[in-house]
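Worksheet: the structure to be examined is printed underneath.
These figures come from a predicted structure and were not determined experimentally.
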Amino acid sequence: MKTLREVPVGGTCRVVKLHGEGAVKRRIMDMGLTKGVEVHVRKVAPLGDPMELTVRGYELSIRKGDAETVEVE
């Protein structure tokens, strides 16, 4: 299983599955990270947290812990 956290800067991937439960999963889905969506990793902060992504044509910053709950291919 490869997670969003493991995608290198400049890489593009597609969301396969969201792990996590309840409010955490709902918040990630509300940000636009849903099954089948394409995600481009633009930047990662020096200490690895947060990550800046391009999702559905807009910029999104996501925490490292949340990125680990998103399975990608």
Side-chain angles (χ1 to χ4, degrees):
M1 178 180 92
K2 183 177 178 182
T3 64
L4 183 57
R5 181 74 189 103
E6 299 166 14
V7 178
V9 174
T12 301
C13 59
R14 186 169 304 277
V15 176
V16 175
K17 184 176 180 182
L18 297 174
H19 299 279
E21 299 179 16
V24 174
K25 186 174 181 178
R26 178 84 248 164
R27 185 169 48 84
I28 290 171
M29 290 175 68
D30 288 345
M31 289 188 281
L33 291 171
T34 56
K35 184 177 178 181
V37 73
E38 192 171 282
V39 179
H40 176 74
V41 179
R42 290 182 39 116
K43 297 183 217 172
V44 177
L47 297 177
D49 203 12
M51 301 176 69
E52 186 176 309
L53 313 172
T54 300
V55 181
R56 300 179 189 259
Y58 71 93
E59 305 305 313
L60 171 68
S61 290
I62 187 171
R63 292 182 285 201
K64 181 171 48 174
D66 291 340
E68 290 171 347
T69 66
V70 180
E71 183 179 340
V72 298
E73 63 179 6

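- Not counting sequence neighbours, the partners of Arg42 by the side chain to side chain contact (heavy atoms under 4.5 Å, CB included) test are His40, Glu52, Thr54, Glu59.
- Linking Ile, Leu, Val, Met, Phe, Trp and Tyr residues whenever their side-chain heavy atoms come within less than 4.5 Å places Val37 and Ile62 in a single cluster.
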Check step by step if side-chain contact (heavy atoms from CB on, under 4.5 Å) holds for Ile28 and His19. CA-CA 10 Å; Ile28 290 171; His19 299 279; over 6 Å; no

Could you walk me through whether Thr69 and Lys25 satisfy the side-chain contact (heavy atoms from CB on, under 4.5 Å) test, starting with their C-alpha distance in whole Å, then the side-chain angles of each, then the deciding distance to 0.1 Å, before giving a yes or no? CA-CA 8 Å; Thr69 66; Lys25 186 174 181 178; over 6 Å; no

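- Cluster annotation: Val7 is not connected to Val16 through the hydrophobic network of ILVMFWY side chains, with a link wherever side-chain heavy atoms come within less than 4.5 Å.
- A continuous path of Ile, Leu, Val, Met, Phe, Trp and Tyr side chains, each step under 4.5 Å between heavy atoms, connects Val15 with Val24, placing both in one hydrophobic cluster.
- For the pair Arg27 and Asp66, the minimum side-chain heavy-atom distance is below 4.5 Å.
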With side-chain contact (heavy atoms from CB on, under 4.5 Å) as the test, would you mind laying out the steps for Leu4 and Leu53 before giving the verdict? CA-CA 10 Å; Leu4 183 57; Leu53 313 172; 3.7 Å; yes

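- The CZ atom of Arg5 sits 13.5 Å away from the CZ atom of Arg63 when rounded to the nearest 0.5 Å.
- For the side-chain hydrogen bond (donor to acceptor under 3.5 Å, both in side chains) test, no residue two or more places apart in sequence or in another chain qualifies with Glu68.
- Closest approach of Thr3 and Ala67 over heavy atoms only: CB-O, 4.0 Å.
- Side-chain contact between Val70 and Leu18 is present, with at least one heavy-atom pair separated by less than 4.5 Å.
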